[in-house]
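This report refers to the structure that appears directly beneath it.
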Amino acid sequence: MRVDKRKVALVGCGMVGMSYAYCLLNQTVCDELVLIDVNEKRAMGEAMDLNHGLAFAASNMEIYAGTYGDCRDADLVVICAGVAQKPGETRLDLLKRNAAVFRSIIEPVTRSGFSGIFLVATNPVDVMTRITCELSGFNSGRVLGSGTALDTARLRYLLGEYLHVDPRNVHAYVIGEHGDSEFVPWSQAMVATRPILELCREGAGVSGDVETEGISQDKLRKIEEQVRGAAYQIIDAKQATYYGIGMAMTRITKAVLGDENSVLTVSAMLKGGYGQRDVFAGVPCVINGSGVRRILELPLTEEERERFAASCRTLQESFEGVL
Ligand code: NAD
């Protein structure tokens with residue numbers, strides 16, 4: 001990866017894509033941003049709009065509407081193109097419609113000579129990331145999806161709010177499909193230095209260095225349900241979700257462009273870890289300039305392992321027959 005000019009090519013300038021782009025600009029994450037969309041006029045308008053904010057930005061950024069040829073020297077191609085989830089529609093229902101969209105994108109991107117990293121947000125994201133990997137022929141480490149990064153952020157926010165602890169000090173993950181079969185392996189959840197299940201056993205009060213305020217197994221179950229239902233709730237209220245995912249994608253982008261070795265729950269191809277093979281699912285991974293450097297295998301309980309396997313089966317079944 002070049003360190004002189006950090007370049008991102010964004011395909012799909014809808015609500016998610018532009019929330020991401022706006023966040024990139026505000027956090028000064030790259031030096032060059034090319035916007036690509038089947039609706040060329042929209043990409044042009046979005047580039048103009050962002051450029052008009054440059055006078056107020058922390059640093060300069062080259063932003064323009066482009067074509068797939070512009071992906072050639074990009075560090076990252078980020079795909080947010082597709083059709084948004086309709087009220088009541090499951091993420092897996094979107095699959096067939098979005099697979100066709102991806103065929104029209106991946107082929108010209110790879111033909112441009114692009115040799116960076118693919119990052120996918122389009123739903124159902126685990127399957128779309130796998131489709132990107134298959135269609136591009138890229139090494140799987142260079143293809144990642146937003147996976148359960150947003151779900152994990154939602155979990156940390158809810159736990160942090162309940163326990164009055166900064167979400168950044170909550171170390172808990174949502175793993176598996178970004179969708180209905182995702183779950184929280186509570187055996188691995190920590191609040192600062194304390195396992196959350198230990199806090200549950202101790203009940204309310206001050207436990208070690210954490211004020212627990214009575215977290216219970218029932219509350220954990222409710223929080224997990226809230227996380228799983230969050231997208232449906234937001235879509236019901238405002239038709240789409242985009243700010244949270246835009247920020248999650250920005251965080252992943254920073255980890256890649258900054259060669260950070262940060263641990264994020266992205267959708268990555270499993271190659272034997274968690275007893276799974278060839279399926280893309282949300283798991284904690286070390287992310288750096290080479291993409292997914294390493295998948296971290298959590299020591300799950302037997303029950304959690306079964307839930308993870310069930311989630312992977314759902315993903316495998318949705319992928320079969322698509323390409
Ligand atoms: P949107 O309809 O606002 O934007 C989609 C954009 O894709 C449009 O600008 C459209 O013109 C473009 N597009 C469609 N076909 C294209 C093609 N063939 N080539 C290039 N561009 C094309 O939708 P949105 O709200 O931005 O959502 C985008 C995707 O992100 C959806 O699949 C949605 O479900 C997903 N999403 C994912 C997460 C996550 O956590 N991974 C969260 C929210 C939304």
Side-chain angles (χ1 to χ4, degrees), residues 9-23 34-47 49 65-68 70-71 77-109 118-132 135 144-155 174 176-180 182 227-253 264-268 280-282 315:
L10 168 62
V11 184
C13 301
M15 298 307 294
V16 170
M18 292 319 298
S19 299
Y20 166 70
Y22 186 60
C23 197
V34 53
L35 305 180
I36 302 168
D37 199 288
V38 69
N39 182 345
E40 291 174 18
K41 195 171 172 189
R42 177 166 193 175
M44 193 195 64
E46 295 289 3
D49 202 0
T67 64
Y68 288 110
D70 295 307
C71 296
V77 166
V78 179
I79 311 181
C80 301
V83 277
Q85 201 170 15
K86 293 175 186 162
E89 187 181 42
T90 69
R91 290 190 179 91
L92 295 180
D93 289 338
L94 289 171
L95 181 58
K96 294 251 177 236
R97 290 193 288 147
N98 279 330
V101 168
F102 270 43
R103 280 187 190 281
S104 72
I105 295 169
I106 310 294
E107 200 272 324
V109 170
F118 276 108
L119 172 58
V120 178
T122 307
N123 276 321
V125 70
D126 304 287
V127 180
M128 298 317 297
T129 309
R130 185 167 174 185
I131 287 173
T132 303
L135 293 175
L144 53 148
S146 56
T148 45
L150 175 58
D151 318 72
T152 294
R154 285 170 175 156
L155 173 69
V174 177
E177 173 201 9
H178 168 62
D180 298 340
E182 70 183 28
V227 169
R228 206 176 294 119
Y232 292 111
Q233 208 182 340
I234 298 171
I235 288 167
D236 182 53
K238 54 173 265 190
Q239 279 74 55
T241 82
Y242 34 88
Y243 298 132
I245 183 62
M247 291 186 77
M249 299 283 284
T250 300
R251 179 67 195 90
I252 299 167
T253 302
L264 296 163
T265 39
V266 299
S267 189
F280 276 78
L315 291 168

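As a basis for the values below, the full set of heavy atoms in this structure was taken, side chains included, without hydrogen atoms, waters or symmetry mates. We count ligands from 1, going down the list as the structure has it; atoms in each ligand are counted the same way.
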* Asked: With a 3.5 Å cut-off and no angle check, do the side chains of Tyr22 and Asp49 form a donor-acceptor pair?
  -> no
* Residue from Val266, Thr265, Val227 passing side chain to side chain contact (heavy atoms under 4.5 Å, CB included) with Thr152 -> Thr265
* Asked: Who's closest to atom 29 (C) of ligand 1 heavy-atom-wise, of Pro124, Ala231, Cys80, Ser19?
  -> Cys80
* Structure fact -> By salt bridge (Lys or Arg N to Asp or Glu O under 4.0 Å), Arg103 pairs with (sequence neighbours left out) none
* Arg42: numbered ligand 1 atoms lying under 4.0 Å from its heavy atoms -> 9 (O)
* **Contact (N/O only, under 3.5 Å) between Ala240 and ligand 1** => no
* Per-atom contacts, ligand 1 versus Val101 - under 4.0 Å to a heavy atom -> 15 (N), 16 (C), 17 (C), 18 (N)
* Do Ala121 and ligand 1 have an N or O pair less than 3.5 Å apart? -> yes
* Flag the pair Ile36 / Cys71 as yes when at least one side-chain heavy-atom distance between them is below 4.5 Å, and no otherwise. => yes
* Rounded to the nearest 0.5 Å, how far apart are CE of Met18 and CG of Leu10? -> 7.0 Å
* Asked: Which of the atoms of ligand 1 are close to Thr241, meaning less than 4.0 Å from one of its heavy atoms?
  -> 42 (C), 43 (C), 44 (C)
* With heavy atoms of Val83 as the reference, note each atom of ligand 1 found under 4.0 Å away. => 31 (C), 32 (O)
* To do: Identify which of His178, Gln239, Glu46 has a heavy atom lying nearest to atom 40 (O) of ligand 1.
  => His178
* Only heavy atoms count here, so choose which of Leu10, Ile235, Val16, Asp37 is nearest to atom 11 (O) of ligand 1. => Asp37
* Asked: Rounded to the nearest 0.5 Å, how far does CD1 of Ile252 lie from CG of Leu150?
  -> 9.5 Å
* Polar contact flag for Asn123 and ligand 1 (N/O pairs, less than 3.5 Å) -> yes
* Asked: If you measure from CG on Asn123 to OG on Ser146, what distance do you get to the nearest 0.5 Å?
  -> 7.0 Å
* Structure fact -> ligand 1 atoms nearer than 4.0 angstrom to some heavy atom of Ser146 are 39 (C), 41 (N)
* Asked: Hey, which atoms in ligand 1 end up nearer than 4.0 Å to a heavy atom of Ser104?
  -> 18 (N)
* Asked: Does Glu40 have any salt bridge (Lys or Arg N to Asp or Glu O under 4.0 Å) partners at least two apart in sequence or in another chain, and if so, which?
  -> none
